[in-house]
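Notes for the one structure printed next.
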Amino acid sequence: MCVLLLLLLFRMSPEMEWRSLASLLLLFPVQMVFYVVKAAVLLLLPTRLRGLSRDTVLITGGGRGIGRHLAREFAKQGARKIIIWGRTEECLKEACEEIRSLGVECHYFVCDVGNKEEVYQQAKAVREKVGDVTILVNNAAVLHGKTLIDSDDDAILKSQHINMLGQFWTTKAFLPRMLELQHGHIVCMNSVLALSAIPGAIDYCTSKSSSFAFMESLTLGLLDCPGVNATTVLPFHTSTEMFHGMKTRFPKLFPPLKPDMVARRTVEAVRTNQAFLLLPWTMHALVIMKSILPQTALEEIYRFTGSYACMDSFKGRT
């Protein structure tokens with residue numbers, strides 16, 4: 001890599017060549033060391049949590065599962081208003097009543113985030129009825145749990161529209177006002193399967209990988225936007241209805257995460273402006289292994305841990 005950079009530099013004009021070479025050999029290493037040391041120091045210092053008393057939080061898929069736990073956790077940690085979106089009114093109504101019982105203003109809207117026109121229509125209704133949304137949590141997702149050959153074409157399209165494209169529509173609907181206010185946060189409830197796919201959930205893994213790229217690009221794009229941040233949460237298998245029946249080979253060594261813990265850690269990540277959160281922390285080892293190990297070694301690890309067969313017992317949401 002260094003050789004290629006030097007060859008490119010030598011093809012430039014002499015003046016630009018020496019300037020670029022000086023920057024490459026002197027300034028860049030110093031900057032890298034500075035930012036690494038700064039990050040390490042910040043990790044050791046006590047983290048200051050931002051308050052949520054000014055925030056109106058909108059959670060897609062907030063009627064059940066992790067979304068409902070997120071609504072409860074944001075309410076407990078001081079959010080001013082909670083708005084939940086979903087496709088099943090009965091679940092939304094129950095969740096809304098639960099949040100109101102905690103003494104927090106809560107509203108619900110029936111909305112399919114996979115439908116662009118419906119998202120924009122309900123976003124307008126939210127602004128008129130409730131006000132500006134300052135924290136958007138893209139949580140809505142579906143999982144069909146089938147191989148490519150067994151998957152229905154309409155089901156594949158549905159998972160891509162809800163899990164991935166829905167984030168485009170919701171973010172486009174609410175981000176402009178956050179930028180005007182210079183106050184806002186975009187949250188994506190993703191999955192570790194975005195980084196390490198498994199058989200039997202090809203539509204879900206594909207949508208989550210696309211969602212991860214979306215958030216990575218968005219996070220970088222917000223670097224120069226004061227007061228507006230983004231957080232991507234990548235949890236391991238979580239014990240919710242969506243993953244009902246899914247099993248790992250070593251459940252005691254790799255137990256499923258509890259949704260209330262995922263919700264609590266997510267809200268904490270928002271309050272500390274943490275860009276990416278892997279749950280549990282041991283999932284960082286997975287990222288490192290995928291970066292350095294050959295594919296044949298990774299395949300053997302997947303076989304040993306049972307990743308290839310974890311969806312064989314999948315039953316789905318009851």
Side-chain angles (χ1 to χ4, degrees), residues 39 43 47 59-62 65-70 73-74 113 135-143 145 159-160 162-168 170-171 185-222 229-243 246 248 253-293 298 301-302 305 307 310-311:
L43 283 174
T47 306
I59 304 165
T60 67
I66 292 178
R68 189 162 178 169
H69 285 273
L70 281 166
E73 192 62 35
F74 271 109
V113 297
I135 298 179
L136 168 65
V137 183
N138 284 311
N139 167 74
V142 293
L143 169 65
S159 62
Q160 305 313 303
I162 293 176
N163 299 2
M164 187 266 290
L165 285 174
Q167 293 186 83
F168 279 81
T170 57
T171 304
H185 208 112
I186 306 293
V187 184
C188 170
M189 298 306 297
N190 205 296
S191 168
V192 74
L193 296 181
L195 307 177
S196 182
I198 58 173
I202 192 166
D203 59 333
Y204 184 82
C205 295
T206 301
S207 65
K208 289 300 183 180
S209 293
S210 300
S211 172
F212 180 76
F214 170 84
M215 285 302 295
E216 198 167 28
S217 177
L218 181 68
T219 301
L220 291 173
L222 292 175
N229 300 283
T231 295
T232 304
V233 184
L234 300 114
F236 179 61
H237 170 212
T238 307
S239 56
T240 61
E241 285 183 327
M242 180 182 290
F243 288 94
M246 179 180 174
T248 58
L253 187 60
F254 302 106
L257 301 177
K258 295 181 179 179
D260 57 338
M261 184 277 286
V262 174
R264 177 175 52 80
R265 291 292 306 278
T266 297
V267 178
E268 289 174 359
V270 171
R271 297 185 66 187
T272 56
N273 288 331
Q274 185 174 345
F276 295 95
L277 173 64
L278 274 163
L279 295 173
W281 68 269
T282 50
M283 290 297 106
H284 285 89
L286 175 64
V287 177
I288 296 171
M289 286 192 298
K290 289 208 69 173
S291 301
I292 62 176
L293 293 181
L298 289 171
I301 292 173
Y302 292 151
T305 57
S307 297
C310 65
M311 293 297 288

### Task
Could you check Val287 against Met283 for side-chain contact (heavy atoms from CB on, under 4.5 Å), going step by step and ending with a plain yes or no?
CA-CA 7 Å; Val287 177; Met283 290 297 106; over 6 Å; no

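- Applying the side chain to side chain donor-acceptor pair (under 3.5 Å) test to Gln274 and every residue at least two apart in sequence or in another chain returns nothing.
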Anything under 3.5 Å between a donor and an acceptor, one on a side chain of residues 188-205, the other on a protein residue two or more places apart or in another chain? List them.
| from | atom 1 | to | atom 2 | distance (Å) |
| --- | --- | --- | --- | --- |
| Asn190 | ND2 | Lys208 | O | 3.2 |
| Asn190 | ND2 | Ser211 | OG | 3.2 |
| Ser191 | OG | Leu193 | N | 3.0 |
| Ser196 | OG | Tyr302 | OH | 3.0 |
| Asp203 | OD2 | His144 | ND1 | 3.0 |
| Asp203 | OD2 | Ser159 | OG | 3.3 |

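- Between the side chain of Thr60 and the backbone N or O of Ala140, at least one donor-acceptor pair lies under 3.5 Å.
- The distance from the OG1 atom of Thr170 to the CD1 atom of Ile186 is 7.0 Å, given to the nearest 0.5 Å.
- Considering CG of Leu286 and CG of Leu293, their distance stands at 10.0 Å, rounded to 0.5 Å.
- Closest approach of Val233 and Leu279 over heavy atoms only: CG1-CD1, 4.1 Å.
- The shortest side-chain heavy-atom distance between Asn163 and Val142 falls under the 4.5 Å cut-off.
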### Task
Show the numbers, then the answer: is there a side-chain contact (heavy atoms from CB on, under 4.5 Å) between His185 and Thr231?
CA-CA 8 Å; His185 208 112; Thr231 295; 2.7 Å; yes

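- In this structure the side chain of Thr232 never reaches within 4.5 angstrom of the side chain of Glu216, judged on heavy atoms.
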Could you pull out all donor-acceptor pairs under 3.5 Å where a side-chain atom in residues 261-268 meets a protein atom, sequence neighbours excluded?
| from | atom 1 | to | atom 2 | distance (Å) |
| --- | --- | --- | --- | --- |
| Thr266 | OG1 | Val262 | O | 2.7 |

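- Between Val270 and Phe74, the closest heavy-atom pair is CG2-CZ, 4.3 Å.
- Shown here for Leu70 and Ile59, the closest heavy-atom pair between the two residues is C-CD1, 3.8 Å.
- Summarising the geometry, atom CZ belonging to Arg68 is positioned 14.0 Å from atom CD1 belonging to Ile66; distances are rounded to the nearest 0.5 Å.
- Rounding to the nearest 0.5 Å places CD of Gln160 at 7.5 Å from CG of Leu165.
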### Query
Taking it one step at a time, do Met215 and Gln167 satisfy side-chain contact (heavy atoms from CB on, under 4.5 Å)?
CA-CA 9 Å; Met215 285 302 295; Gln167 293 186 83; 4.2 Å; yes

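- Expressed to the nearest 0.5 Å, how far CD1 of Ile162 lies from CG of Asn138 amounts to 12.5 Å.
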